[in-house]
Asker: 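Below you'll find the structure I mean.
Position 1 is the first residue of the sequence, and the numbers go up from there. FYI, side chains are in, hydrogens and waters are out, and symmetry mates aren't considered; it's all heavy atoms of this structure.
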Amino acid sequence: MSDLNQKSLLAVMAHPDDESFGIGGTLAKYAREGVDVHLICATDGASGTVSPELLDGYASISELRLQELRCAADKLGLASMTMAGYRDSGMAGSEDNLHPHSLTAQPVEDVAANFAGVIRKVRPQVVVTHDPIGNYGHPDHIACQLATEAAFHMAGDPSALPETDHPAFQPRKLYYNTFPKQFFRWVFRFGRIFGMDPSKFGRNEDIDVLALLEQPDFPIHLRIDHRKYSSYQKEASQCHVSQLPSGPPNSGWMALFFRLMAGKDLFMRAFPEAPAGLREKDMFEGI
């Protein structure tokens, strides 16, 4: 349980690797600056393909992914890591969506109760998760966001979760990590020039950039500059060997594009409701 005088941050991410490829720079920055940084990983990462040689010594893909996540958590400097126990649901329309233990198959309130129990245990002032469209439309990211938002409020309700061992605790702030649509517009424009099909973007060609451009653009209330800590994010990302090159590409026009975009994570403040024009410099601002 965190001391209330000690700054504490909880990231709730959908898969093993989201903590590194996504907001790893932010998590490493806060951990190195004395904040207790905790992680809930919602799923086991069992969907997708893994090179057979990487499974040597592991009973399953999920066992391999867990070991990779432990490595990444150590590189980032996390204070704790909790596996929520759900199965990776895969991308929309995949057979993995139908698995009874997949995250997307669970009632939101049940997942929220699971997350809220962890919130009460680690007592973070700040909680961060994916944005409402799952960053790039991944069903697990969306389910994770919905459950985290509900858990954020559930954890502070004394009448909720009577079976838990920890008293009610209300975090002060909730953030969504998000990408501005300008990012995807540039991917679309440059991708077309270089012959990329924007409807088949990403390592598994399962991200439709065109569909993402039709989604709402969320306001940016906070920019975290983590360039000073980028080496820790890189080391954490390299732990996820089975997912490489899921992270930023190392060569070609996309590598240059990602380098220009690198060094800052963008967040929308979901709670407390942000006034128009809000520009924060730190997640703990005002706490």
Side-chain angles (χ1 to χ4, degrees), residues 11-28 31 37-106 111 114 118 130 134-141 143-144 196 200-207 229-252 254-255 258 262:
V12 188
M13 300 281 104
H15 308 105
D17 72 23
D18 288 333
E19 83 300 326
S20 297
F21 295 149
I23 60 172
T26 293
L27 300 184
V37 180
H38 304 274
L39 172 70
I40 296 176
C41 182
T43 77
D44 60 1
S47 296
T49 58
V50 170
S51 299
E53 65 272 14
L54 295 177
L55 288 172
D56 186 29
Y58 296 96
S60 64
I61 291 176
S62 58
E63 187 177 298
L64 167 63
R65 299 293 304 279
L66 175 58
Q67 182 56 38
E68 292 176 339
L69 179 56
R70 287 172 174 158
C71 170
D74 179 65
K75 300 297 185 183
L76 293 174
L78 303 188
S80 77
M81 181 188 78
T82 301
M83 300 300 294
Y86 305 107
R87 191 184 188 281
D88 191 331
S89 307
M91 288 298 287
S94 71
E95 292 185 4
D96 293 301
N97 297 168
L98 305 176
H99 195 286
H101 298 302
S102 69
L103 177 61
T104 57
Q106 313 308 312
V111 181
N114 188 347
V118 178
H130 308 281
N135 302 120
Y136 56 88
H138 198 296
D140 280 332
H141 289 205
C144 189
M196 183 193 80
K200 296 180 180 180
F201 181 66
R203 177 176 183 261
N204 297 311
E205 298 186 344
D206 52 6
I207 300 173
Y229 305 92
S230 60
S231 62
Y232 299 109
Q233 180 179 25
K234 182 177 180 180
E235 290 176 5
S237 296
Q238 290 173 340
C239 288
H240 294 286
V241 178
S242 69
Q243 298 305 296
L244 296 175
S246 288
N250 296 315
S251 61
M254 284 296 289
F258 272 89

Asker: Looking only at atom types and distance, does a side-chain atom of Ser89 sit under 3.5 Å from a main-chain N or O of Leu103, one as donor and one as acceptor?
Answerer: yes

Asker: Quick one, Val37 and Leu76 - any side-chain contact, counting heavy atoms below 4.5 Å?
Answerer: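 No, too far: nothing below the 4.5 Å cut-off.
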
Asker: I'd like to check Asn97 versus Ser102 (side-chain heavy atoms, cut-off strictly below 4.5 Å). Are they in contact?
Answerer: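 Not touching, per the 4.5 Å side-chain cut-off.
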
Asker: Roughly how far, to the nearest 0.5 Å, is OG of Ser47 from NE2 of His99?
Answerer: 9.0 Å

Asker: May I ask you to test the His15-His138 pair for a side-chain heavy-atom distance under 4.5 Å?
Answerer: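 Heavy-atom side-chain distance check passes, below 4.5 Å.
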
Asker: Using a 4.5 Å cut-off on heavy atoms from C-beta on, say whether the side chain of Asp18 contacts that of His141.
Answerer: yes

Asker: Can you name the closest pair of heavy atoms from Ser242 and Leu54 and give their distance?
Answerer: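 Minimum heavy-atom separation between Ser242 and Leu54: CA-CD1, 3.6 Å.
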
Asker: Could you tell me the separation between the CD atom of Glu95 and the CG atom of Leu98, rounded to the nearest 0.5 Å?
Answerer: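 Rounded to the nearest 0.5 Å, the CD-CG separation comes to 7.0 Å.
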
Asker: Of all heavy-atom pairs between Gln106 and His101, which one has the smallest distance, and what is that distance?
Answerer: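 Looks like NE2-C, 3.4 Å.
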
Asker: If you take all heavy atoms of Tyr229 and Gly25, which pair is closest and at what distance?
Answerer: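 Smallest heavy-atom distance, with atoms named: CB-O, 4.4 Å.
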
Asker: Could you tell me whether the side chains of Asp140 and Thr43 share a donor-acceptor contact shorter than 3.5 Å?
Answerer: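 No, because no side-chain N or O of Asp140 sits under 3.5 Å from a partner of the opposite role on Thr43.
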
Asker: Please tell me if the side chains of Asp17 and Glu68 come closer than 4.5 Å, counting only heavy atoms from C-beta onward.
Answerer: no

Asker: Could you tell me if the side chain of Asp44 sits less than 4.5 Å from the side chain of Arg65, heavy atoms only?
Answerer: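 Arg65 does not reach Asp44 side chain to side chain.
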
Asker: Are the side chain of His130 and the backbone of Ala14 linked by a donor-acceptor contact shorter than 3.5 Å?
Answerer: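 The answer is yes, because a donor-acceptor pair under 3.5 Å joins these two groups.
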
Asker: Please name the pair of heavy atoms, one in Ala72 and one in Ala236, separated by the smallest distance, quoted to 0.1 Å.
Answerer: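 Shortest heavy-atom separation between Ala72 and Ala236 comes out as CB-O, 3.6 Å.
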
Asker: Hey, does Cys239 have a side-chain heavy atom less than 4.5 Å from the side chain of Arg70?
Answerer: no

Asker: Does any part of the side chain of Cys41, heavy atoms only, come nearer than 4.5 Å to the side chain of Met83, both counted from C-beta?
Answerer: yes

Asker: Can you name the closest pair of heavy atoms from Phe21 and Gln233 and give their distance?
Answerer: O-NE2, 4.1 Å

Asker: Among Asp88, Leu66, Leu69, which residue meets the side-chain contact (heavy atoms from CB on, under 4.5 Å) test with Pro16?
Answerer: Leu69

Asker: Taking all atoms of both residues into account, what is the closest heavy-atom pair of Gly57 and Glu63, and its distance?
Answerer: O-OE2, 3.9 Å

